[in-house]
Structure formats: structure tokens, C-alpha cells
Amino acid sequence: MNLLEIKNLKMDFGKNAEALRAIDDVSFTIGTGETVCLVGESGCGKTVTALSIARLVPTPPANYVGGEILLNGRDTLKMSVRELQQIRGGVVSYVFQDPGASLNPVFRIGNQIKESLKLHKPEKANDAEVIRLLKLVGIPAPESRIKNYPFEMSGGMQQRVMIAMALASEPKLLVADEPTTALDVTIQAQILDLLSELKQRLGMAILLITHNLGIVGDMADRVAVMYAGQIVELSPARELLRRPLHPYTRALMNSVPKLRGDADRLSAIPGNVPRIGNFPPGCRFAPRCPIARPECSEKIPELLEVEPGRFVRCPYAKELNIN
């Protein structure tokens, strides 16, 4: 059963002649208890797509111009402000990439977690529940930590506090937006292990946003690869890592540092992600694609199912035997 269904989502920034299409016909699903990774370079639209689930993108400047976002079968694009307040935290919670910027520096972390509890679980807004949540996310000596201010904790500890706040309302979907970006490698691994453990223990679904395909294999059930506001490949994680079909996915995988081999330099994708309002005609990856043909610039390719459960936005992917 699908917990989340995003169908043909379109979002503009601005209106009328000044409207710029940021999200263009995005569709994917997340099943109950499933982990889906949304992958792509910075500027591809991953965060905007994720924030759209609970309509956290301000309107204006954003404008939802098409599609549906079905959360537990209800379209969030048609919800009232009161209904949105109930699902924000109650059904879907967010963990952002910079915990230092997300936590209020002048309040103790215990009080900040209580504030989250008061909104959705007021009967549990007490020290005992805060301590239980801190234990759940692996913070040592939680009885004393509840009195700490954010600046008294390391980046990894701050991120654990953010996860505790997100879990306070027992959400069905946890959106983790680059949760390890500002952390060192050892702490990154600990946070990812924690998310995997909590998923199994609590039975929640996870949408993990990342630009690093290197962490996908350990976390994801399925992967959605995003480029310039569009999904270009959607596939089970193991199949995608074993045999990527879209040229962009392959380029991302080649950019991951290898532990073996004698390569002198990292492989890089030439060029940059095009800016909103400056997308090239036809396939948006064509100017950077090593297999592009003249006709690639004539028409936007459709996202088609080329194998059971595998969708790709490139008519030449299988023909050219990308494997």
C-alpha cells in the first residue's frame, strides 16, 4: 500500500509571464515502511519536491499549477491550513541538513522537544518522554542533556536531537533532507545507521534526499534520480546500482570515489545543472550527455517503463546498451 503518491506535480515560481517552472511533471510513490532515495545534484529540485509534500514551500512565490500529492489517500494540495497543521509532524516529519540552523539557540533542547510534543502529543509533553526520545536516538546521559543548549552539543548530537523532535509525534513518513551533509564521515555513518534502525523499529517510511549515490545501497529500497526539475530514472535500488540506465545516473555513479583502482582524478560531469527558466529545449541533460543525438534537443522525452519496475527518461538508454 502506498503511503505517498505524487502524481504529475508541477510547480512554478512567479505567475503569468514571469512564471518559472521549478518542478515539472514529477511522479513517484513511497510505500508503507519503504525507504526511497531522491538523488541528484544541487539545484535539481529535490528539496522543493520534498517540502511540497506538506506544502512547506511558501505560496507565493511558489504556485502549484498541477498534479496531486496524496498522503494517506488525501490530496495535500487541497487541504485547509488547519488540516495541514495536523499532518505536519503528525503524519510527515522533516529532518534538515543543518541542525545548528534548525534548533533555536536560546532554548534548551528539552524544551524544544516538548514544544513538538505539545502540538501533536500533549499528554506526553513531559521530561520522561523527552528522555525516552533522546535514548531512542542514542544520546548518552539524556537526563542531563535535556538541560543543554544546542551550542553545548556537537553537530552529530544536534542532528540526533532533530531526529528525536521529528519522531516525537510518531510520523508515518520521515523526510531526511541531506541529514549528514555538515557532519564528518564517521558521524555520517552513525546517523544513517540510526535512521535504518529507527525505520525497522518504528515501521515508518523514509524519503532520503541526497546527492551521494554512495549511501544509497545501504539505505534505499527504491531510487528516484532527479535532474532539472524532472525524474529521469526510477528503479529498485539494487537494479539501479548494478545497471544504471539513464546517462545522468551513470555519470553520478562514476563520480563516486572508488576505494580500488589507480585513477588519478575523480570523474566529473561536464557543465552545470541549468537554472530555472533557462532549461534547454528537449532533453534537459542533452548538453552534458556523452551519448546525446541531434534529435535529443527537439522533444522532451517521456518517463517510460522499460523493464518491470524500472522507468527511464531516455529513449536510447537500452538501445545503446548502457550497463
ask   = Gly155 and Pro99: which non-hydrogen atoms are nearest, and at how many Å?
value = O-CG, 3.9 Å
inquiry  = When you measure from the side chain of Ser144 to the backbone of Ala141, do you find a donor-acceptor pair of N or O atoms at a distance under 3.5 Å?
reply    = yes
ask   = Does any non-hydrogen side-chain atom of Asp25 lie less than 4.5 Å from one of Gln230?
value = no
task = Indicate the atoms forming the closest heavy-atom contact of Leu136 with Leu167, along with that distance.
result = CD2-CD1, 4.0 Å
task = Give the minimum heavy-atom separation between Arg108 and Ile146, together with the two atoms involved.
result = CB-O, 3.7 Å
request  = Check the surroundings of atom CD in Glu302: do more than 12 heavy atoms from other residues, nucleotides or ligands lie under 6.0 Å from it?
outcome  = no
request  = For Thr35 and Ala220, indicate whether the former's side chain and the latter's backbone hold a donor-acceptor pair under 3.5 Å.
outcome  = no
note = In terms of heavy-atom contacts, Leu134 and Pro142 come closest through CB-CB, 3.6 Å
ask   = Is there side-chain contact between Val39 and Leu252, with heavy atoms separated by less than 4.5 Å?
value = yes
ask   = Transitively linked via ILVMFWY side-chain contacts under 4.5 Å: Met79 with Tyr94?
value = yes
task = Look at the side chain of Arg222 and the backbone N and O of Ala237, then say whether any donor-acceptor pair between them is shorter than 3.5 Å.
result = no
task = Salt-bridge test for Glu83 and Lys78: reply yes if a basic N is under 4.0 Å from a carboxylate O, no otherwise.
result = no
message = Let me check something: do Ile30 and Val95 share a hydrophobic cluster, defined by ILVMFWY side-chain heavy atoms less than 4.5 Å apart, either directly or through other members?
response = no
request  = Nearest 0.5 Å please: distance from the CD1 atom of Ile87 over to the CZ atom of Arg55.
outcome  = 8.5 Å
inquiry  = Counting C-beta onward and ignoring hydrogens, is there a side-chain heavy-atom pair between Met253 and Leu241 closer than 4.5 Å?
reply    = yes
inquiry  = Would a single hydrophobic cluster contain both Leu202 and Val130, if residues Ile, Leu, Val, Met, Phe, Trp and Tyr are joined by side-chain heavy-atom contacts under 4.5 Å?
reply    = yes
query = Taking all atoms of both residues into account, what is the closest heavy-atom pair of Lys199 and Met204, and its distance?
reply = CG-O, 3.4 Å
request  = Go through Ile163 and Ile191 one step at a time and tell me if the side chain to side chain contact (heavy atoms under 4.5 Å, CB included) criterion holds.
outcome  = CA-CA 9 Å; Ile163 295 172; Ile191 295 298; 4.2 Å; yes
inquiry  = Measuring only between side-chain heavy atoms, which start at C-beta, is Leu38 closer than 4.5 Å to Val225?
reply    = no
request  = Without swapping roles, check the side chain of Arg21 against the backbone of Ile276 for a donor-acceptor pair under 3.5 Å.
outcome  = no
query = Taking 4.0 angstrom as the limit, do Asp127 and Lys114 come out as a salt bridge?
reply = yes
key: Arg145-Asn148 side chain donor-acceptor pair, cut-off 3.5 Å   = yes
task = Walk me through it: do Val312 and Val232 pass the test side chain to side chain contact (heavy atoms under 4.5 Å, CB included)?
result = CA-CA 6 Å; Val312 64; Val232 297; over 6 Å; no
message = Using 0.5 Å steps for rounding, measure from the CG atom of Asp24 to the CG atom of Asp12.
response = 8.5 Å
ask   = Is it true that Phe28 and Leu70 fall in one hydrophobic cluster, defined by side-chain heavy atoms closer than 4.5 Å?
value = no
inquiry  = Treating Thr59 as the side-chain partner and Ala62 as the backbone partner, does any N or O pair qualify as donor plus acceptor under 3.5 Å?
reply    = no
Polar side-chain atom of Ser297 near backbone of Gly282 as donor-acceptor pair, under 3.5 Å = no
ask   = Do Ile206 and Val175 have side chains that get closer than 4.5 Å, going by heavy atoms?
value = no
task = Go through Glu307 and Arg243 one step at a time and tell me if the salt bridge (charged side-chain N to carboxylate O under 4.0 Å, His left out) criterion holds.
result = CA-CA 12 Å; Glu307 296 176 6; Arg243 186 169 56 92; 2.7 Å; yes
key: 4.5 Å side-chain heavy-atom contact, Met11 and Val26   = no
request  = Output the distance between atom OG1 (Thr29) and atom CG (Leu3), rounded to the nearest 0.5 Å.
outcome  = 10.0 Å
query = Only one of His246, Glu233, Arg288, Glu41 forms a side-chain hydrogen bond (donor to acceptor under 3.5 Å, both in side chains) with Tyr227, so which one is it?
reply = Arg288
request  = Would you indicate whether Glu115, at its atom CD, is surrounded by more than 12 heavy atoms from other residues, nucleotides or ligands within a distance under 6.0 Å?
outcome  = no
request  = Calculate, to the nearest 0.5 Å, the distance between atoms OG1 and CG belonging to Thr76 and Leu71 respectively.
outcome  = 7.0 Å
Heavy-atom check, side chain of Phe285 versus side chain of Pro247, under 4.5 Å = yes
request  = Hey, could you give me the CZ/OG distance between Phe311 and Ser27, rounded to the nearest 0.5 Å?
outcome  = 10.0 Å
inquiry  = Looking at every non-hydrogen atom in both residues, tell me the closest pair between Ser196 and Met219 and how far apart they are.
reply    = OG-SD, 2.9 Å
Sidechain-backbone polar pair: Glu129 side chain, Asn126 backbone, donor-acceptor under 3.5 Å = no
key: Pair Glu170 + Lys121, salt bridge at N-O below 4.0 Å   = yes
ask   = Backbone N or O of Val137 within a donor-acceptor pair of the Arg160 side chain at under 3.5 Å?
value = yes
query = Are Tyr64 and Leu9 close enough, and set up right, to give a side chain to side chain contact (heavy atoms under 4.5 Å, CB included), and what steps lead you there?
reply = CA-CA 8 Å; Tyr64 297 91; Leu9 179 65; 4.1 Å; yes
message = Arg201 vs Glu197, test: salt bridge (charged side-chain N to carboxylate O under 4.0 Å, His left out). Steps then yes/no.
response = CA-CA 6 Å; Arg201 185 184 303 185; Glu197 179 186 344; 2.5 Å; yes
inquiry  = Using a 3.5 Å distance criterion without hydrogens, assess whether the side chain of Glu305 forms a donor-acceptor pair with backbone atoms of Gly309.
reply    = yes
request  = Check step by step if side chain to side chain contact (heavy atoms under 4.5 Å, CB included) holds for Asn104 and Gln112.
outcome  = CA-CA 8 Å; Asn104 192 318; Gln112 296 189 54; 3.7 Å; yes
query = With hydrophobic residues grouped by side-chain heavy-atom distances under 4.5 Å, do Val92 and Leu56 end up in a single group?
reply = yes
key: Note, Ile69 side chain near Leu4 side chain (heavy atom, < 4.5 Å)   = yes
remark   = To the nearest 0.5 Å, atom CD of Gln85 lies from atom NE2 of His120 at 9.0 Å
key: Backbone of Leu77 reached by a side-chain donor or acceptor of Asp75 within 3.5 Å   = yes
